[in-house]
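One structure below.
First the proteins, then the strands, lettered A, B, ... as listed; each starts at 1.
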There are 2 protein chains.
Amino acid sequence: MARRGETLELAVLGLLHESPMHGYELRKQVNGVLGWSRLLSYGSLYPALKKMLRAGWIAEHVAAPEPGAGGRRQRIVYELTPAGDAEFQRLMADVGPSAWEDDTFDVRFAFFSRTDMEARLRILEGRRSRLQERLERVQRQLERTQRQVDRYATELQRHGVESVEREVRWLSELINAERGDGRPTGPGAASGSQDVQHQ
Amino acid sequence: MARRGETLELAVLGLLHESPMHGYELRKQVNGVLGWSRLLSYGSLYPALKKMLRAGWIAEHVAAPEPGAGGRRQRIVYELTPAGDAEFQRLMADVGPSAWEDDTFDVRFAFFSRTDMEARLRILEGRRSRLQERLERVQRQLERTQRQVDRYATELQRHGVESVEREVRWLSELINAERGDGRPTGPGAASGSQDVQHQ
DNA sequence: GTTAGCATGTAAGGAGTTACATGATTTT
DNA sequence: AAAATCATGTAACTCCTTACATGCTAAC
């Protein structure tokens with residue numbers, strides 16, 4: 001049951017899973033690697049780190065201010081504890097609807113290497129049908145409300161629909177690639193764009 | 001100075017500008033017309049309406065429960081006051097950076113018919129350079145951090161970049177259309193990207 | 001000597017969600 | 001009789017941002 005707030009938590013856990021890091025660096029990674037549009041603020045990150053420390057998922061240790069490049073002050077390096085690793089596994093094991101919601105999906109996807117193919121497929125397919133539902137809902141509304149007098153409102157909607165359709169295609173390619181990788185000469189999934197995307 | 005919270009306000013003002021509506025209907029319009037992914041909740045909308053009532057921007061009147069289709073209870077219909085119309089104009093007149101932020105841009109765009117071409121161009125161009133900055137930042141990061149061991153993280157970033165590039169192209173087309181509509185055979189703006197960037 | 005980037009934090013507040021509370025009317 | 005849809009609202013809570021507070025080192 002991954003609530004909304006567990007997204008940042010998962011991101012931190014996943015990044016520390018790769019290597020220990022201090023807060024400032026962690027923030028840049030969260031922004032960069034996870035392609036978040038709005039830069040995560042320190043007012044968000046540091047309290048989250050404190051909370052995770054208290055929960056015993058991460059451990060801190062003060063690193064010497066190595067005189068390399070840039071003005072280095074004493075940094076606090078965080079690393080994953082065994083409990084933190086367990087928590088990461090627990091969160092990643094959730095393949096229910098919450099795993100394919102808008103805010104969480106990207107983070108899950110970024111750490112897909114740490115899940116098995118079955119979980120990946122379930123999440124990708126869940127995400128896809130979620131988007132398809134959205135598409136149907138919007139298109140139904142487009143027909144229902146005939147008030148298409150306004151070109152800008154119409155154009156906005158058209159662009160929105162196209163964006164979602166594009167993402168559905170992307171997901172379909174990923175799903176095919178997953179299945180293709182599973183069975184090298186798969187007979188069912190071999191229609192054209194089999195593994196186009198997978199890298 | 002359109003702060004984050006003024007987005008819902010602007011949406012309501014804009015929709016009531018077209019015609020009076022009650023809350024339930026307003027919510028559907030906000031969700032549908034403005035293509036919002038997450039459905040706006042009543043816990044958000046009704047307090048906002050109360051606030052706008054107190055501010056004098058909208059007026060309420062109880063409508064008789066006309067026995068048409070659907071279970072109709074007594075509805076509260078809201079309509080724009082002259083003060084509300086003024087506020088709408090004031091908000092729409094803001095062509096500064098806040099007008100092209102992620103959460104606000106869509107709403108502004110939906111009501112573009114109520115602005116002049118100059119304001120439209122300024123906002124479209126502002127939005128475009130904002131996205132281009134984002135693109136550069138991500139691409140710089142992609143080069144800097146060589147840790148591209150993970151195919152999923154890489155794929156996520158690739159898709160993200162492509163999405164933003166696609167939106168930049170969309171904005172460019174809209175900008176061209178605006179200029180084309182303004183001066184049917186415009187001689188000045190015809191040199192490719194003459195004033196593309198100018199913020 | 002001042003600006004820019006590195007680095008860590010706290011306090012206050014904003015914007016929205018979820019869950020709760022209520023109740024009418026129409027369709028199945 | 002139950003379920004679905006219409007319709008309005010409140011209270012508690014969550015997550016996040018902004019602004020503030022501090023101070024180091026490197027480059028200009």
Side-chain angles (χ1 to χ4, degrees), chain A residues 1-12 21-31 36-54 60-78 97-98 101-104 107 140 144, chain B residues 1-12 21-31 34 36-54 60-78 98 101-104 107 140 144:
Chain A
M1 47 164 76
R3 279 154 34 259
R4 191 66 137 270
E6 284 172 357
T7 302
L8 175 54
E9 213 165 80
L10 181 61
V12 169
M21 252 178 269
H22 60 279
Y24 194 86
E25 177 68 18
L26 214 34
R27 180 188 178 236
K28 282 196 295 189
Q29 293 287 327
V30 168
N31 291 326
W36 282 354
S37 46
R38 34 161 64 76
L39 263 59
L40 180 74
S41 68
Y42 298 121
S44 230
L45 177 62
Y46 286 115
L49 286 172
K50 296 279 169 188
K51 193 191 151 200
M52 293 170 75
L53 256 180
R54 281 197 304 274
E60 64 180 357
H61 78 97
V62 177
E66 48 159 303
R72 303 258 147 137
R73 152 186 170 177
Q74 193 173 269
R75 290 155 299 152
I76 298 175
V77 174
Y78 297 94
S98 55
E101 261 162 28
D102 284 334
D103 0 68
T104 320
V107 183
R140 239 182 299 122
R144 214 162 54 75
Chain B
M1 44 162 78
R3 279 152 35 259
R4 192 62 139 274
E6 284 171 359
T7 302
L8 175 54
E9 213 165 80
L10 181 61
V12 169
M21 252 178 270
H22 59 278
Y24 194 87
E25 178 68 20
L26 214 34
R27 180 189 178 235
K28 282 196 296 188
Q29 294 287 328
V30 168
N31 290 325
L34 305 180
W36 283 356
S37 46
R38 32 163 65 77
L39 262 59
L40 180 73
S41 68
Y42 298 121
S44 229
L45 176 62
Y46 285 116
L49 286 172
K50 296 278 170 189
K51 193 189 151 202
M52 291 170 76
L53 255 179
R54 281 197 303 276
E60 66 180 353
H61 79 99
V62 177
E66 47 158 302
R72 303 256 147 137
R73 149 187 173 178
Q74 196 174 267
R75 291 154 300 155
I76 298 174
V77 175
Y78 297 93
S98 56
E101 259 161 31
D102 283 333
D103 359 69
T104 321
V107 183
R140 239 181 299 123
R144 213 162 54 77

Inset, instruction - Name all residues meeting the side chain to side chain contact (heavy atoms under 4.5 Å, CB included) criterion together with B/S41; count only those two or more places apart in sequence or in a different chain, and write none if there are none. - result: B/S44
Legend entry - From NZ (A/K51) to CG (A/L53), nearest 0.5 Å: 12.5 Å
By nearest atom, which of the nucleotides [options] is closest to the [X] side chain?
X: B/L8; options: C/dT18, D/dA7, C/dG16; result: C/dG16
X: A/Y24; options: D/dT17, C/dA7, D/dT8; result: C/dA7
X: B/R75; options: D/dT17, C/dA7, D/dT8; result: D/dT8

Legend entry - Under 3.5 Å donor-acceptor, B/N31 side chain and B/L40 backbone: yes
Legend entry - Helical bend (five base pairs per end, nearest 10°) for the helix from C/dG1-D/dC28 to C/dT28-D/dA1: 30°
Heavy-atom side-chain proximity of [X] to [Y] below 4.5 angstrom:
X: A/L45; Y: A/V30; answer: no
X: B/V77; Y: B/E60; answer: no
X: B/L49; Y: B/L26; answer: yes
X: A/Q74; Y: A/V62; answer: yes
X: A/I76; Y: A/H22; answer: no

Please state how far atom [atom1] in [X] lies from atom [atom2] in [N], giving the value in whole angstrom units.
X: B/E9; N: C/dG16; atom1: CD; atom2: P; result: 10 Å
X: B/N31; N: C/dT17; atom1: CG; atom2: C1'; result: 13 Å
X: B/L26; N: D/dT8; atom1: CG; atom2: C1'; result: 13 Å
X: A/L40; N: D/dC15; atom1: CG; atom2: C1'; result: 11 Å
X: B/Q74; N: C/dT25; atom1: CD; atom2: P; result: 11 Å
X: B/E6; N: D/dT17; atom1: CD; atom2: C1'; result: 16 Å
X: B/R27; N: C/dG16; atom1: CZ; atom2: C1'; result: 13 Å
X: A/M52; N: C/dT8; atom1: CE; atom2: P; result: 15 Å

Legend entry - Residues which pass side-chain hydrogen bond (donor to acceptor under 3.5 Å, both in side chains) with A/Y42, listed by chain and number, not counting sequence neighbours: A/R27
What protein N or O atoms touch nucleotides 9-11 of chain D N or O atoms at under 3.5 angstrom, if any, and at what distances?
from: D/dG9; atom 1: OP1; to: B/K50; atom 2: NZ; distance (Å): 3.3
from: D/dG9; atom 1: OP2; to: B/Y78; atom 2: OH; distance (Å): 3.4

Inset, instruction - For A/L39, report the nucleic acid contact type (base, sugar-phosphate, nothing); a contact means any heavy atom under 4.0 Å. - result: sugar-phosphate
